[in-house]
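Encoded as structure tokens, the structure appears first; notes follow it.
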Number of protein chains: 2
Amino acid sequence: MARLEFAVARSVAFANLGSPCATCEIRKIGVCGSLDADELRELCQIVKESDCPEGRIVFSEGDAAENLYNVVRGAIRLSKLLPDGRRQVTGFVFPGDFLGIAFNDIYAYSAEAVSATHLCRFPRRGMERLVKSIPNLEHRLLGEAANELVAAQDQMLLLGRKTAKERVASFLLALADRARRRGRPDAQVAVPMSRTDIADYLGLTTETVSRSFTKLKTAKIIRLEPHGLVTILDLEGLSDLAQGGDGTDD
Amino acid sequence: MARLEFAVARSVAFANLGSPCATCEIRKIGVCGSLDADELRELCQIVKESDCPEGRIVFSEGDAAENLYNVVRGAIRLSKLLPDGRRQVTGFVFPGDFLGIAFNDIYAYSAEAVSATHLCRFPRRGMERLVKSIPNLEHRLLGEAANELVAAQDQMLLLGRKTAKERVASFLLALADRARRRGRPDAQVAVPMSRTDIADYLGLTTETVSRSFTKLKTAKIIRLEPHGLVTILDLEGLSDLAQGGDGTDD
DNA sequence: CGCCCTTTTGACTCCACTCAAGCGTCGTGG
DNA sequence: CCACGACGCTTGAGTGGAGTCAAAAGGGCG
């Protein structure tokens with residue numbers, strides 16, 4: 001986390017030069033990354049920044065979809081509810097990810113802050129206007145949506161066909177993969193969400209998630225550190241488990 | 001089915017007037033529906049039509065994503081496999097639906113014909129060129145992708161949190177809803193796919209799917225007809241069941 | 001230090017899976 | 001035209017993995 005905080009501090013020093021986007025630390029990985037200086041200035045005119053404390057609801061399933069968001073810092077969980085309270089977390093949104101692509105102008109899920117989160121908010125109206133003058137923007141949004149679709153299909157495979165152990169292993173691998181792609185190729189993976197959130201994401205109960213973690217720990221495949229950190233001791237073993245290997249390689 | 005066949009026959013009579021798209025019976029509901037005459041002519045220049053017999057593989061998970069498709073008649077199933085053979089069907093594609101939106105230029109799933117299917121094939125290269133001159137096209141593709149995302153999230157809720165009975169009820173409702181939106185507001189729903197396909201779609205076994213159908217039948221909520229037709233006798237009861245009601249309303 | 005909330009562990013239950021047998025339907029060939 | 005076989009669907013009996021209920025252990029914060 002220390003490295004990221006430094007980047008933020010440096011950005012703040014330049015913040016009064018004009019557009020907030022010009023100094024955004026996650027711009028290069030977000031949707032905004034594909035825009036040139038002029039386009040970025042246009043985008044800046046409609047963006048509003050905001051902070052969400054842990055637990056804050058950004059929007060709820062069924063709300064009119066009035067905004068798009070880009071996560072700058074923190075993490076968001078997306079979830080759907082059944083009438084009797086059963087919950088499915090459909091995804092986690094991390095810095096650089098887009099949030100709020102909706103159809104029918106209605107959000108299909110709720111979004112809540114897993115931890116203190118910093119967001120860029122783009123009014124849908126303004127975006128629609130902007131899209132007409134910046135074709136690149138829609139292209140990038142389509143890419144983002146295609147990405148999410150691939151992730152959703154992987155998750156369907158996980159929910160429909162994987163065992164509890166395989167689900168937890170896949171989840172840790174996905175977090176590690178993401179961290180690696182975002183330039184933190186560390187064996188230490190940050191797991192900021194609660195066991196309940198993980199359970200609702202993986203279609204399990206907290207007890208089963210906890211037991212699965214314990215089994216991975218006992219098998220010397222991971223180590224549970226304080227502050228929601230997990231050290232991956234045997235990446236290959238974890239990969240095998242995630243796709244149906246029985247974990248008996250050595 | 002008879003009504004549809006008639007429409008096809010009529011289309012064929014006009015087919016030699018020029019572009020095949022001009023007489024396409026599903027154009028108004030597909031991605032092509034939002035194009036004007038000029039744009040349609042451009043699209044026609046890159047489209048290739050093709051027929052797939054039942055069981056034919058259109059493309060496989062991991063293949064280079066060289067084409068986009070539009071289903072004209074029939075049905076396609078999308079599926080992913082685990083190394084040990086466990087299968088998850090991630091979706092069914094029906095007439096008017098788009099197929100093949102991929103990221104990384106690699107298909108994330110396999111596509112196979114559930115029944116004899118007629119497809120329009122668009123080379124990706126050509127589409128990319130076309131998208132530059134027809135911004136509308138990308139807009140429509142984004143809409144399609146957003147739609148698929150919403151469906152994927154519903155499916156995650158189903159796979160992660162619903163019981164077997166709820167899953168089968170939800171599945172039938174989704175088929176009925178689709179038929180209604182496509183102008184066949186009938187209590188008779190066509191279920192063209194096998195129990196195995198349904199099971200792999202719902203994260204169950206064929207036996208459990210079959211038992212669930214039987215229970216719905218015994219509860220007088222549906223009636224199983226020959227040729228893969230299902231009559232919905234109690235739509236309200238089915239809706240209740242799909243979302244967690246216990247089915248004890250009368 | 002003590003409280004509260006999350007996580008872990010334990011004992012038992014149950015829903016869906018597995019294995020197995022019967023049934024119905026369709027297509028084929030005698 | 002019917003007999004046969006193949007395949008898909010249904011039904012039955014028994015098992016097991018994850019859920020439920022309950023209690024202990026850990027960790028963070030005032």
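Order of the sequence lines sets the chain letters (A, B, ...), proteins ahead of strands, with each chain counted from 1. Computed from heavy atoms alone, side chains included, the values below leave out hydrogens, waters and symmetry copies. A quick note: this is a predicted structure, and the numbers were derived from the prediction, not measured.
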Report task. Answer yes when Arg195(B) and Asp200(B) have at least one side-chain N-carboxylate O distance shorter than 4.0 Å, and no when they do not. Result -> no

Report task. Please name all residues satisfying salt bridge (Lys or Arg N to Asp or Glu O under 4.0 Å) with Arg86(A), sequence neighbours left out, ordered by chain then number. Result -> Asp84(A), Glu166(B)

Query raised in the report: Glu54(B) has an atom CD; how far is it from atom C1' of dC7(D), in whole Å?
Result: 12 Å

Query raised in the report: Leu158(A) has an atom CG; how far is it from atom C1' of dA18(D), in whole Å?
Result: 15 Å

Query raised in the report: Where does the chain A footprint on DNA chain C start and end, counting 5' to 3' with a 4.0 Å heavy-atom cut-off?
Result: dT7(C) to dA11(C)

Report summary line: By side chain to side chain donor-acceptor pair (under 3.5 Å), Asn70(A) pairs with (sequence neighbours left out) none

Report summary line: Once base and sugar-phosphate atoms are separated, protein heavy atoms under 4.0 Å mark nucleotides 25-30 of chain D, 5' to 3', with B, S and - as ---S--

Report summary line: Contacts satisfying ring pair (Phe, Tyr, Trp, His ring centres under 6.0 Å) that involve residues 165-222 of chain A (not counting sequence neighbours) are Phe92(A)-Tyr201(A), Phe171(A)-Tyr201(A)

Requested in this report: Scan for salt bridge (Lys or Arg N to Asp or Glu O under 4.0 Å) pairs involving residues 214-232 of chain A, sequence neighbours excluded, and state none if there are none.
Outcome: Arg223(A)-Glu225(A)

Report task. Show your working on side-chain contact (heavy atoms from CB on, under 4.5 Å) between Val189(B) and Leu172(B) and close with a plain yes or no. Result -> CA-CA 8 Å; Val189(B) 180; Leu172(B) 287 174; 5.5 Å; no

Report task. Please report how far the helix from dC1(C)-dG30(D) to dG30(C)-dC1(D) bends, comparing the axis fitted to its first five pairs with the axis fitted to its last five, to the nearest 10 degrees. Result -> 30°

Query raised in the report: Strictly by modelled atom types, are Thr231(A) and Gln188(A) linked by a side-chain donor-acceptor pair under 3.5 Å?
Result: yes

Query - All side chain to side chain donor-acceptor pair (under 3.5 Å) counterparts of Ser110(A), not counting sequence neighbours - result: none

Query raised in the report: Should Asp186(B) and Arg180(B) count as an ion pair when the cut-off is N to O under 4.0 Å?
Result: no

Requested in this report: List the steps and the verdict of side-chain contact (heavy atoms from CB on, under 4.5 Å) for Leu241(A) and Val168(A).
Outcome: CA-CA 9 Å; Leu241(A) 273 183; Val168(A) 171; over 6 Å; no

Output one line per pair: protein atom, nucleotide atom from nucleotides 9-11 of chain D, and distance, for all N/O pairs under 3.5 Å.
{"from": "dC9(D)", "atom 1": "OP1", "to": "Arg195(B)", "atom 2": "N", "distance (Å)": "3.4"}
{"from": "dC9(D)", "atom 1": "OP2", "to": "Arg195(B)", "atom 2": "N", "distance (Å)": "3.2"}
{"from": "dT10(D)", "atom 1": "OP1", "to": "Arg195(B)", "atom 2": "NH2", "distance (Å)": "3.3"}
{"from": "dT10(D)", "atom 1": "OP2", "to": "Arg195(B)", "atom 2": "NE", "distance (Å)": "2.7"}
{"from": "dT10(D)", "atom 1": "OP2", "to": "Ser210(B)", "atom 2": "OG", "distance (Å)": "2.9"}
{"from": "dT10(D)", "atom 1": "O5'", "to": "Ser210(B)", "atom 2": "OG", "distance (Å)": "3.0"}
{"from": "dT11(D)", "atom 1": "OP2", "to": "Thr214(B)", "atom 2": "OG1", "distance (Å)": "2.5"}

Query raised in the report: Hey, are Asp154(A) and Lys80(B) close enough for a salt bridge, meaning a charged N less than 4.0 Å from a carboxylate O?
Result: yes

Query raised in the report: Taking all atoms of both residues into account, what is the closest heavy-atom pair of Cys120(A) and Val72(A), and its distance?
Result: SG-CG2, 3.7 Å

Query raised in the report: Can you name the residues that form a salt bridge (Lys or Arg N to Asp or Glu O under 4.0 Å) with Asp97(A), not counting sequence neighbours?
Result: Arg178(A), Arg182(A)

Query raised in the report: When we call it a touch if two heavy atoms are under 4.0 Å apart, what does Gly228(A) touch: a base, just sugar-phosphate, or nothing?
Result: nothing

**Report entry** Sub-4.0 Å heavy-atom contacts from residues 81-92 of chain B onto DNA chain C, ordered by number
**Finding:** none

Query raised in the report: Taking side chain as C-beta onward, heavy atoms only, is Val230(A) less than 4.5 Å from Leu216(A)?
Result: no

Query raised in the report: Tell me, which pairs form a side chain to side chain donor-acceptor pair (under 3.5 Å) where one or both residues lie in residues 51-66 of chain B, sequence neighbours left out?
Result: Asp51(B)-His118(B)

